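These notes concern the structure reproduced below.
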Amino acid sequence: MGICYTFSLFQPYIMEHFSVSSASASLPYTIFIAVFCLGNFFGCVMQRKMNLKLVLVIGYTLMFAGWFTSSMLPPENFTLMYFTYGGIFGCGNGIIYNVIVSLMPKWFPDRKGLASGLTLAMLGISATVFSPVVSSWLTNNGYSKSFMYVSFVYVAIGIFGTLTLKAPSDDFMADYVSTGANVTSKKQYTLQEALKVKELYTLTGLYFCAVPAYLLLSAIFVTYGADKGITPAMATLGVSIASLFQVGGRFIVPTISDKIGRKAAFAVAFFITAVGVALLMVATGTLYMFCFWLLSLSYGGCQACFSPIAADRFGTKNVGVILSFTMIGFGVGSVGASLLAKVVGTTTAFICAGAVALVGIVLVFTLPGKKNAEKEA
């Protein structure tokens, strides 16, 4: 699922194939992020109306079609990539993502952080595995064949996922009572009920704060890094290691949140983001790559904490549709960051992203503490 995180490796080849600028070449990725959020909503709606296997077939088919049709685009039709990669692939990826993140708290209500973290860590591992593979494909085959090869990978993923994924029964672990640092709501909120709870909007704001710094750098890591003194070989290594840091973030941060609480885990992740952005302002060479690794760690950690904290507060039954609402913040933050970079420049956009991370820390401390959560539960 995480091959999309290697987009910065594809970007120079997209620029060459379509004869477009770096800013234009990153637009399909920006659109992908926005449509990914819509795909999450479609995924949760489809799960309520369709058999889970059919939802998976539709999502995986769209993911394959997005990459395959992108591979067939002639050089003069770059704008169609907004629809093929950004639209078709983004929608399919969002559908499958919502299925996976909503299943984890249902299967493992006693270890939401661990289960969600381990699952989402696979996104980072896939990017780690495929970074050198994709780099080799691009070097030897160029843009079109490399995109086609990735589409075939999604065929294999789709077959495996459709055969193996399923939902638990409605009464699975219904008598479980939460203990430890986090409190699980006994009420199973609908989206309509959750819209009346202020924490839903706080989580949406946290999603907004969690994405700008990482997504700004991940889309331009290779091209921006050329001015920061990194070679193509260093860029490939940097993307691979960044994927490992995402793995670490997605696994470690939500897992420790089972022990220390979601608030503390979020605060640590946002602090790491702020430090990474501050260092980025003066970084060159290896330090530049290290900043990307820090941002990957914090981004992955935040992403994997949203499903557990939403399930804690609103129950597991409708966590998919509630998560899709909070991802409004994800979409606005990612698209807004990209547009801001085009208006004010990359350096100023990074400064703003660091400030947003500090706002995220403030928002974290507006969430209820354990005693208030126990009372609410």
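Computed from a predicted structure; not experimentally measured.
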message: I'd like to know whether CZ of Phe152 has more than 12 heavy-atom contacts from other residues, nucleotides or ligands below 6.0 angstrom.
response: yes
statement: Leu323 and Ala310 have their tightest heavy-atom pair at CD2-CB, 3.9 Å
- prompt: Between Phe36 and Tyr97, how do the two ring planes meet: parallel, tilted or perpendicular, split at 30° and 60°?
  reply: perpendicular
Geometric class of the Trp67/Tyr85 ring pair [parallel <30°, tilted 30-60°, perpendicular >60°]: perpendicular
message: Please find the pair of heavy atoms, one from Gly87 and one from Ile31, that lie closest to each other, and give the distance.
response: N-CG2, 4.4 Å
field: Whether Phe245 and Trp293 hold their rings parallel, tilted or perpendicular, with breakpoints at 30° and 60°
entry: parallel
- request: Flag yes if more than 12 heavy atoms outside Lys145 fall under 6.0 Å of its NZ atom; otherwise flag no.
  value: no
message: With a 4.5 Å cut-off on side-chain heavy atoms, are Ile328 and Cys37 touching?
response: no
message: Does atom CZ (Phe41) have a neighbourhood of more than 12 heavy atoms from anything else shown, all under 6.0 Å?
response: no
- request: Please confirm whether the backbone N or O of Phe270 pairs with a side-chain atom of Ser298, one donor and one acceptor, at under 3.5 Å?
  value: no
Between Tyr214 and Gln246: side-chain donor-acceptor atoms closer than 3.5 Å: yes
message: Taking CZ in Phe290 as the centre, count heavy atoms belonging to other residues, nucleotides or ligands within less than 6.0 Å. Is the count above 12?
response: no
Short side-chain to backbone donor-acceptor contact, Thr162 and Ile159, under 3.5 Å: no
- request: Tell me, yes or no, whether the heavy-atom count around Phe83 atom CZ, taken from other residues, nucleotides or ligands under 6.0 Å, exceeds 12.
  value: no
- request: For the pair Glu193 (side chain) and Thr190 (backbone), establish whether a donor and an acceptor sit closer than 3.5 Å, ignoring hydrogens and angles.
  value: yes
task: Taking the six-membered ring of Tyr201 (Phe, Tyr or Trp), confirm whether the NZ or CZ of Lys198 is under 6.0 Å from its centre and within 45° of its axis.
output: no
message: Between Phe10 and Phe147, is the ring centroid distance below 6.0 Å?
response: yes
query: Is the backbone of Leu165 close enough, under 3.5 Å, to the side chain of Lys53 for a donor and an acceptor to pair up by distance?
result: yes
query: How far apart are the closest heavy atoms of Ala25 and Met15, and which atoms are they?
result: CB-CG, 3.5 Å
- prompt: Closest approach of Ser151 and Phe64, non-hydrogen atoms and distance?
  reply: O-CD1, 3.2 Å
